[in-house]
2 protein chains.
Amino acid sequence: MSGTAQQNAYAYLKEQILSGALAASVQIRPEQVAKAIGVSRMPVREALLQLHLEGLVTFGANRRPFVTARSPNEIIELFEIRVALECLAVARAVPNLTDSNFEALEAQLKRMDRVTRDRPLWLELHARFHEMIYAAANMPRLLDEIRRAQAAIQPFLMMYIDLYHIPEMPGVEHASLLQILRKRDPALAATALADHIRSAASGVIYFILSGRHSGGAALSHLDPTPLNMEKR
Amino acid sequence: MSGTAQQNAYAYLKEQILSGALAASVQIRPEQVAKAIGVSRMPVREALLQLHLEGLVTFGANRRPFVTARSPNEIIELFEIRVALECLAVARAVPNLTDSNFEALEAQLKRMDRVTRDRPLWLELHARFHEMIYAAANMPRLLDEIRRAQAAIQPFLMMYIDLYHIPEMPGVEHASLLQILRKRDPALAATALADHIRSAASGVIYFILSGRHSGGAALSHLDPTPLNMEKR
DNA sequence: CGTCCCTAAAGTGTATCCACTTTTTAACGT
DNA sequence: ACGTTAAAAAGTGGATACACTTTAGGGACG
């Protein structure tokens, strides 16, 4: 409810999409959204453009906006992009990590372990944990790209941990990752991180292929039902 | 002059920026642009948003749009991102390359060699040459990301080859890259490509640090002179 | 001569309106 | 009953208008 109308529209739509409230392939009706948050179509339009460029919204025939539907292949692709980018980031970060960085990372892990209910919060903390590492690489543009790739996958991560209650039995995996980072060996760190991401990837991808994802978000091959239920 | 006003505005601004006609750090005046191409501020606004998300435009204090100024560090960073992404792409592409793909690539190289004057055209053909390789990876999203990173660097490449007349004495480097790809060894291909990109990178970065870049595009530490010269 | 304030100019965000396109509905003839 | 087409409804892109913000100038005053 703060800031410009455009930011509101953007935040609203992004939340709806990332949380899975707006399922994949669903048509977005700018007018409806506009009415819902009390602005005109224009800021919604711009928010949609922005989301489009971030890959969360697709314009179908005749510029009608849909929630982007991702094929399993595209998700695999996004994970591979993440591996490439994040390995670069961690390799560059590792020589720069200070002791106080490690303290902060440990603290963040503890914070994550304390959260066992609130899955979105855990995901948020988890994303921050990784960003804290990458930040040491001093490559802001790279961080942007990583965030973009991450956002494109998030709805699926959300569904995945939501279904399997995964907030990770007190984060052994992350703790051991941290141990490896302490060795400050770029190649080793990159390998470990690649494994880490790929293990998450395989879980998510298996989950998606198994078709267990609910109405939350859907994949491209699922029915592209329109959003509005009134008057028909 | 075709398509929607927004596309025109986008194409116009992008051309101006990529060609270096609009120097870095220069303030963009939506109204001026609008008048210049005969549309209202609105499509220009959206084009700016789009360019912003592609990294070519930055919004300064109070949302005033500027041509993005890149520090030498950011350019280095972008090249490293390219290395990461394009190595992934080539590694995945190499096993899929067919004989007809190689024929097409050879043909493209010949086309490039024939162009010695028209630098922008050469750059265009060169970009396509690389894309032809990556296309075989069957990773469209990755291709997008590569294009984005590529576009962010292009103004500097343009200035660089423009100054040094580089359209490459008949492309030995690319020919030898192609020879390596023929071996269809992903790791080898990735290494070769990394070298290839880094060699371009070091040329561009040296050129930038040497301060020989003209008024075309400027770096962040250079004077942020406004664009409009009328009425002041 | 410098500094503060006040006004004017330029910019930005966005609501509204209109022109044009696409899609749906309805009607009609076969 | 079906397909075809005409009319209506719903969208979309874009121009204009307006409210609000920021920037720049220009005195008035110290």
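Because the structure is predicted, anything quoted here is derived from the model rather than measured.
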Check: B/Arg41 side chain, C/dG13 base, donor-acceptor under 3.5 Å: yes
Residue closer to the 5' end of DNA chain C, A/Pro43 versus A/Ala61 (nearest nucleotide): A/Pro43
CD on A/Gln150 to NE2 on A/His130, rounded to 0.5 Å: 8.5 Å
Among D/dT16, C/dT14, D/dG11, the one nearest B/Arg45 by side-chain distance: C/dT14
B/Gln27 (side chain) donor-acceptor with B/Arg64 (main chain) under 3.5 angstrom: no
Spacing of B/Leu49 atom CG relative to D/dG13 atom P, expressed in whole Å: 14 Å
A/Lys35 NZ - D/dG11 P separation (whole Å): 9 Å
A/Arg29 side chain near D/dG11 phosphate (N/O to OP1/OP2, under 4.0 Å): yes
Five-pair end axes of the helix from C/dC1-D/dG30 to C/dT30-D/dA1 and the angle they enclose, rounded to 10°: 10°
Under-4.0 Å side-chain N/O to phosphate OP1/OP2 contact, A/Asn62 with D/dG11: no
d(CD, A/Gln27; C1', C/dT23) in whole Å: 11 Å
A/Leu78 side, atom CG; A/Ile75 side, atom CD1 - distance, nearest 0.5 Å: 7.5 Å
Sugar-phosphate only, base, or nothing, as touched by A/Glu31 at under 4.0 Å among non-hydrogen atoms: nothing
Nucleotide C/dG13, atom C1' - distance to CZ of B/Phe59 in whole Å: 12 Å
side-chain hydrogen bond (donor to acceptor under 3.5 Å, both in side chains) evaluation trace for B/Gln108 with B/Arg111: CA-CA 5 Å; B/Gln108 184 74 0; B/Arg111 229 166 289 144; 2.5 Å; yes
Protein-nucleotide distance (B/Glu46, atom CD; C/dT12, atom P), rounded to Å: 15 Å
Nearest-neighbour nucleotide for the A/Ala5 side chain, C/dA15, D/dT22, D/dG13 considered: C/dA15
Distance, nearest 0.5 Å, that separates CG of B/Leu193 from CZ of B/Arg198: 9.5 Å
B/Tyr206 atom OH, over 12 foreign heavy atoms within 6.0 Å: no
Under-4.0 Å side-chain N/O to phosphate OP1/OP2 contact, B/Arg63 with C/dG11: no
Interatomic distance where CD belongs to B/Gln6 and P belongs to D/dT12 [whole Å]: 14 Å
5′-ward residue of the pair A/Met42/A/Pro65 relative to DNA chain D: A/Pro65
Ionic contact status for B/Arg141 with B/Glu145, cut-off 4.0 Å: yes
For atom CD1 of B/Ile37 and atom C1' of D/dG13, their distance in whole Å: 14 Å
From A/Leu51 atom CG to A/Thr68 atom OG1, the distance as rounded to the nearest 0.5 Å: 9.0 Å
B/Arg64 side chain, from C-beta outward: closest of C/dT14, D/dT12, D/dT22: D/dT22
Integer-rounded Å distance: C/dT12 P and B/Ile28 CD1: 11 Å
